[in-house]
Amino acid sequence: MDLIQLFLAYAKTGIKTRFQYHMDSFLLSFAVFFREASSIFGVYFLLLKFDTLGDWNIKEIFFMFSIISATYSLFIMFFMVFRDFPDWIKHGDFDRILLRPRGIFVQMLLNGADWVAALSHGAISVLMFIVSANSVGIRWNATNILYYIVTIISGTVIQGAIFVFFSAFNFYFSKNHGIKEFVFWKSRRFATFPLSIYGRVVQNILMFVIPFAFVNYFPAQYLLRKSDMAAYPAYYMYLSPVIAVVSFTIAYLFWRFSLRYYQS
Amino acid sequence: MEEYIKFAKIKFISNFENKLNNIIEILETLFFFVIYWYVFRTLYDGKQTIDGITSGMAVTVMLLSVGFDYSYYKGKMYIQEKMRQGTLLVELIKPVDYRFRLFFEDMGTTLYFVIFRYVPVVFIAMLFAKLEGTKSVLYFVLFLISIFLGYIISWLFNFVCNEFAFFTLSVWGIVSIKNALIDIFGGVFVPVWFLPESVRHGLIFTPILSIYYIPINLYFGLYSGIKIFLAILYQLAWILILAWISDKVWKRGIDKVILKGAG
């Protein structure tokens with residue numbers, strides 16, 4: 001309860017700060033929305049010409065995209081500090097957190113959401129969901145709804161784990177070389193399309209190294225049951241929560257361990 | 001002119017400092033290309049041509065437009081930054097035209113990016129992707145002229161968007177929307193040939209087709225005779241239009257800065 005109150009307090013100040021200049025914030029939100037939507041526009045125009053990508057039609061790809069946007073939107077609400085972590089260390093903001101009477105990691109999760117981006121990505125995911133959810137043959141019964149909720153939480157945690165893991169390196173090297181961003185955003189772009197279109201190497205990277213396949217492809221397969229799922233073991237469709245817990249535990253332990261080497 | 005070329009040269013040389021960034025950028029462009037290479041492989045799925053476009057042409061278009069798009073240095077938010085720092089007027093009293101200086105500096109950086117970030121990607125892509133060559137040496141020369149004109153148009157378009165800094169708090173949004181429009185309609189996310197005909201017709205009234213689409217059509221030799229001349233003329237017209245708009249906005253903006261002393 002106490003944590004929720006703390007999150008709400010941070011959220012309130014965060015939103016007030018970001019939306020101080022109405023016109024500017026509106027334009028900024030629209031720009032983020034439009035920038036993200038641009039890749040989906042590209043897919044839309046391609047499939048207008050080609051009808052399907054493998055076995056996937058446009059609505060099914062929209063549905064898969066809605067999962068990645070929804071999880072990313074939640075990810076931005078909780079893990080943004082880890083994105084900007086080199087700056088937090090450089091400007092001494094992290095020292096401020098160390099002095100406060102709350103858990104270090106918890107404070108970082110609750111603080112520093114990028115609300116403009118979170119709302120824009122959230123809006124895309126809702127839009128894509130509305131456009132696709134009722135026309136891709138999913139029966140929205142209790143089991144599927146529960147599966148969907150678990151998928152969104154797992155996807156958020158998997159992406160968080162990637163960032164927490166890479167941000168731990170900033171305890172050793174304060175300079176940001178852009179590698180974390182590169183690994184994350186470029187892999188995420190691959191996740192716009194069904195995993196099955198890629199070659200073996202790319203597929204393995206997306207399954208076992210940067211596990212974006214478990215953020216949206218396998219969960220979407222559980223709900224859509226496309227024919228290309230035959231190439232993978234069926235239990236992969238149930239693995240997202242496990243991957244989330246395992247990857248987050250590894251990332252968190254590595255982060256805690258690296259914290260010892262922080263020299264302020 | 002000589003001093004402006006020096007500005008370009010300095011920027012070109014100063015980029016040698018960040019060699020690690022080159023590797024990251026090469027991988028970034030390559031990853032983007034690889035995604036679309038797989039996408040087109042799946043979309044064509046054994047078909048030879050779609051609307052007269054072979055899969056080799058579609059893949060080559062992506063390599064050209066994505067590669068140049070990543071190489072074109074779109075700069076910092078120059079005017080916005082100077083306005084915030086209050087140093088714009090300092091730039092104006094220097095004995096060189098600030099806008100020309102920026103243009104040449106960006107060109108120096110872009111040339112560096114093309115040589116050290118884009119060309120390696122082309123060589124790597126040639127190892128695994130079946131690319132389509134240019135129609136003839138003459139068309140390749142025309143392509144080079146046209147892509148250079150396209151670069152000028154892209155720079156001017158970007159600069160006009162940056163000039164909004166005179167009137168708004170932040171131009172990040174405007175510049176991002178402009179970039180997204182070029183990505184969607186300019187051929188970065190989807191070859192322009194595959195856009196619906198009505199959309200393509202509408203795009204004639206924007207500078208977007210001049211940036212990559214016209215140079216690419218020349219590369220493949222899709223224009224001939226008078227059409228080549230008209231295509232280049234169309235690009236030159238857009239340079240004039242954008243330069244005129246940019247100049248008008250610049251003058252109004254500078255007046256505002258001088259009157260309010262905000263620069």
Side-chain angles (χ1 to χ4, degrees), chain A residues 20-56 61 116 120 175-183 185-199 201-203 205-206 228, chain B residues 18 20-21 23-45 47 50-51 53 55 58 62 66 128 161 164 167-197 199-200:
Chain A
Q20 198 180 358
Y21 301 104
H22 301 301
M23 188 57 201
D24 187 52
S25 317
F26 172 75
L27 204 64
L28 209 64
S29 311
F30 180 70
V32 176
F33 176 87
F34 196 67
R35 190 189 59 188
E36 279 308 303
S38 64
S39 58
I40 207 73
F41 267 119
V43 179
Y44 169 75
F45 284 128
L46 268 182
L47 290 189
L48 213 57
K49 191 70 152 178
F50 290 86
D51 293 333
T52 55
L53 178 65
D55 191 27
W56 295 65
I61 291 184
V116 168
S120 309
K175 195 164 181 244
N176 188 16
H177 292 293
I179 293 167
K180 176 178 64 190
E181 287 76 6
F182 171 75
V183 168
W185 270 285
K186 295 311 130 188
S187 318
R188 188 170 155 257
R189 202 181 271 281
F190 277 88
T192 308
F193 299 103
L195 183 73
S196 55
I197 71 162
Y198 301 115
V201 177
V202 178
Q203 288 191 23
I205 292 173
L206 291 174
D228 51 337
Chain B
N18 311 315
L20 179 73
N21 285 0
I23 298 167
I24 291 179
E25 291 294 330
I26 287 170
L27 286 174
E28 201 168 321
T29 315
L30 199 63
F31 275 24
F32 197 102
F33 172 70
V34 164
I35 294 175
Y36 280 91
W37 177 65
Y38 278 121
V39 166
F40 280 110
R41 217 177 58 156
T42 314
L43 286 174
Y44 271 82
D45 192 27
K47 292 182 205 91
I50 303 278
D51 288 356
I53 307 297
S55 69
M62 296 316 277
V66 169
F128 62 89
C161 292
F164 277 89
F167 315 103
T168 57
L169 208 60
S170 159
V171 291
W172 188 89
I174 296 165
V175 173
S176 295
I177 292 170
K178 183 262 308 171
N179 289 343
L181 286 172
I182 293 176
D183 285 347
I184 306 168
F185 300 112
V188 181
F189 284 157
V190 49
V192 177
W193 302 314
F194 295 145
L195 293 177
E197 215 175 321
V199 174
R200 261 184 295 156

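Residue numbers start from 1 in every chain, and the chains themselves are labelled A, B, ... in the order their sequence lines are given, proteins ahead of strands.
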At a 4.5 Å cut-off on heavy atoms, which part of B:Val39 comes close to chain A: side chain, backbone, both, or neither? both

Which heavy atom in B:Trp172 sits nearest to a heavy atom in A:Ala31, and how many Å separate them? CZ3-CB, 4.0 Å

Okay, B:Tyr36 and chain A: the region with an atom under 4.5 Å from a heavy atom over there is side chain

Among B:Phe189, B:Tyr38, B:Trp37, the residue with the most heavy-atom pairs under 4.5 Å to chain A is B:Tyr38

Could you walk me through whether B:Phe194 and A:Leu48 satisfy the side chain to side chain contact (heavy atoms under 4.5 Å, CB included) test, starting with their C-alpha distance in whole Å, then the side-chain angles of each, then the deciding distance to 0.1 Å, before giving a yes or no? CA-CA 8 Å; B:Phe194 295 145; A:Leu48 213 57; over 6 Å; no

How many angstroms lie between CZ in A:Phe45 and CG in B:Leu195, if you round to the nearest 0.5 Å? 6.0 Å

Are more than 12 heavy atoms, taken from residues, nucleotides or ligands other than A:Tyr44, located less than 6.0 Å from that residue's OH atom? no

Measure distances from B:Ser170 to the heavy atoms of chain A and classify the residue's part below 4.5 Å as side chain, backbone, both or neither. both

Return the option, out of B:Asp45, B:Thr42, B:Asn179, with the maximum number of heavy-atom pairs under 4.5 Å with chain A. B:Thr42

If I compare all heavy atoms of B:Ile50 with all of A:Lys49, which pair ends up nearest, and what's the gap? CG2-CG, 4.5 Å

Taking all heavy atoms of A:Phe34 and all of B:Ala180, pick out the closest pair and write down the distance. CD2-CB, 3.6 Å

I'd like to know which of B:Asp51, B:Val188, B:Ile174 tops the heavy-atom pair count under 4.5 Å against chain A. B:Asp51

Most contact-rich option vs chain B, by heavy-atom pairs under 4.5 angstrom, among A:Val32, A:Val202, A:Thr52, A:Leu53, is A:Leu53

One should read off an interatomic distance between A:Ser38 OG and B:Phe185 CZ, to the nearest 0.5 angstrom, of 10.0 Å

When the 4.5 angstrom heavy-atom criterion is applied to B:Ile177 and chain A, the contacting part is both

Heavy atoms only, distances under 4.5 angstrom: which of A:Phe193, A:Phe41, A:Tyr198, A:Phe50 has the most pairs with chain B? Name it, please. A:Phe50

Has B:Phe32 got more than 12 heavy atoms of other residues, nucleotides or ligands less than 6.0 Å from its CZ? yes

